[in-house]
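Inspection log for the structure reproduced underneath, given as structure tokens.
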Amino acid sequence: MSTERHDAAPSTHGPTGGEPVDGGTVDGRTVDGGPLDGPVDGTTGLDTEALEAVIAAPGERFRHDYLEVRDLRVVFDGFVAVDGIDLTVTQGDLRFLIGPNGAGKTTVVDAITGLAPATGSARFGGVELVGRASHRTARAGVGRTFQTASVFDELTVLQNLDIAAGASRRPWSMLRRRTDVPEHVEAALDTVGLGHVRDLPAGVLAHGQKQWLEIGMLLVQDARLVLLDEPVAGMSQSEREQTGRLLQRIGEQRTVVVVEHDMEFLRAFASSVTVLHQGSVLSEGSVAQVQADPKVVEVYLGRDAGARASAATVGGAAPATVSSSMPAGSSSTPPSAGSPSSASSPASSTEVS
Ligand SMILES: Nc1ncnc2c1ncn2[C@@H]1O[C@H](COP(=O)(O)OP(=O)(O)OP(=O)(O)O)[C@@H](O)[C@H]1O
């Protein structure tokens, strides 16, 4: 029996690496970060027992979801709103999708969730989402919020979560105070911090709390891909911070994409950023990388600012610092009156610095 640890031992990491899914143990045996003492195949050098344990373990133990968008295209009556974009977002990566008004951010989310006609591919957890009816995307583990919270104001927080969870409670029983809250609903209440208002009608909640309730509704549906459209629009500073921390928490276990205009919020909480412009990916990378990208500065603030940022980067001088309110309509593509988001874009502080 060998006590040697082999590099070829099976990994508990997902397809893109990252943290061990289950603390590195399989059926009580350490397979990552600890000794392996199973029989070793003399030819391959593999610990065959460990390998068998990995293969026999439940699939979800090694789940590492990711969203993979390829050549996604959306055309409305001849107008190309999304022009063949590629996007890969892995679990644990809090990805922000930004861009000027009309860049195509919401349409990308609509296409992924079956609300906009698209071609190309958007796969999550091995399931193709393009062409899938919107009501079937939830079954694929995909959940989204809209720019305006869509909770039932007359129902309590708990009742809203019940409905989202698809609880088979009869209408009359929904009106009674709950004593038997399912574990996953309790967990969602706890995660979004609404346990203390569980029996209040959602209509009396503060604006931020309504957004958190909506996120809670995605959690009880076990959405593993969570797409949020401007979640902090209209929130107070304190609500933004709480929302950012909430997104970080849920992002550890889920793949989260946030469409956002608020650059301050982005800088505080994004782990990566994709910038869209006129339906295409203009830039992608860390917050620092996209902020330093002259193309991004140019799109938001004009050609001269882009050239100055480029010169500052090349010359090693301090990068151009520009502060402005979010350029509603700063894009060369004017937002259409019919755009679902055109009425509610926040005039939030935006800096590209
Ligand atoms: N149903 C639709 N029919 C026709 N055109 C549409 C439709 N939905 C969106 N568009 C257009 O597609 C383009 C992209 O819109 P989209 O709402 O995705 O942009 P956005 O980046 O989310 O903008 P915003 O930041 O203002 O929300 C815009 O020019 C918009 O007018």
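Just so it is clear, the values below take in all heavy atoms, side chains as well, and ignore hydrogens, waters and symmetry mates. Predicted model only: the values in this text are computed from it and were never measured.
A single hydrophobic cluster is not seen to contain both V299 and V80; linkage of ILVMFWY side chains at heavy-atom distances under 4.5 Å, directly or through other members, places them apart. V69 and V275 are not part of a single hydrophobic cluster, where members link through side-chain heavy atoms under 4.5 Å apart. V185 and W212 end up in the same hydrophobic cluster when Ile, Leu, Val, Met, Phe, Trp and Tyr side chains are linked at under 4.5 Å. Hydrophobic cluster membership differs between L97 and L94, with clusters built from Ile, Leu, Val, Met, Phe, Trp and Tyr side chains linked at under 4.5 angstrom.
Going from atom CG of L218 over to atom CZ of R224 covers 13.5 Å, rounded to the nearest 0.5 Å. Note: L228 CG to F146 CZ = 11.5 Å, rounded to the nearest 0.5 Å.
With no hydrogens or angles considered, no side-chain donor-acceptor pair links Q211 and T145 at under 3.5 Å. For the residue pair T243/E239, the side-chain donor-acceptor check at 3.5 Å is not satisfied. A donor-acceptor contact under 3.5 angstrom links the side chains of Q237 and E241, judged on distance only. Under 3.5 Å, the side chains of S150 and E214 contain a donor-acceptor pair of N or O atoms. Of the N and O atoms on the side chains of R95 and S272, at least one donor lies less than 3.5 Å from an acceptor on the other residue. R132 and T113 form no side-chain donor-acceptor contact under 3.5 Å, judged by distance and modelled atom types alone. Side-chain contact annotation: T106 with D229, donor-acceptor N/O pair under 3.5 Å present.
Proximity of a side-chain donor or acceptor of Q221 to a complementary backbone N or O of G141 within less than 3.5 Å is not detected. At least one donor-acceptor pair closer than 3.5 Å links the side chain of Y300 to the backbone N or O of G99. Under a 3.5 Å cut-off, the side chain of Q248 and the backbone N or O of R245 do not form any donor-acceptor pair.
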Practice item. For the pair R144 and T137, evaluate side-chain hydrogen bond (donor to acceptor under 3.5 Å, both in side chains) and give the outcome as yes or no after the intermediate values. Key: CA-CA 10 Å; R144 72 171 289 179; T137 57; over 6 Å; no
Exercise for review: Please assess R254 against D65 for the test salt bridge (Lys or Arg N to Asp or Glu O under 4.0 Å), listing each intermediate value before the final yes or no.
Suggested key: CA-CA 7 Å; R254 294 174 172 78; D65 289 329; over 6 Å; no
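Of all heavy-atom pairs between D153 and P201, the closest is O-CB, 3.6 Å. When all heavy atoms of R70 and D86 are compared, the closest pair comes out as CA-OD1, 3.4 Å. Between S121 and E128, the closest heavy-atom pair is OG-OE1, 2.7 Å. Closest heavy-atom contact between A122 and V130: N-CG2, 3.6 Å. Considering every non-hydrogen atom in both G216 and A188, the closest pair reads O-CB, 4.0 Å.
Tested against I215 for a side chain to side chain contact (heavy atoms under 4.5 Å, CB included), the candidates L247, V226, L194 yield a single pass: L247.
For the pair R267 and F269, the cation does not sit on the ring face, since its NZ or CZ is not both under 6.0 Å from the ring centre and inside 45° of the axis.
Shown here is F152, whose CZ atom has no more than 12 heavy atoms of other residues, nucleotides or ligands within 6.0 Å.
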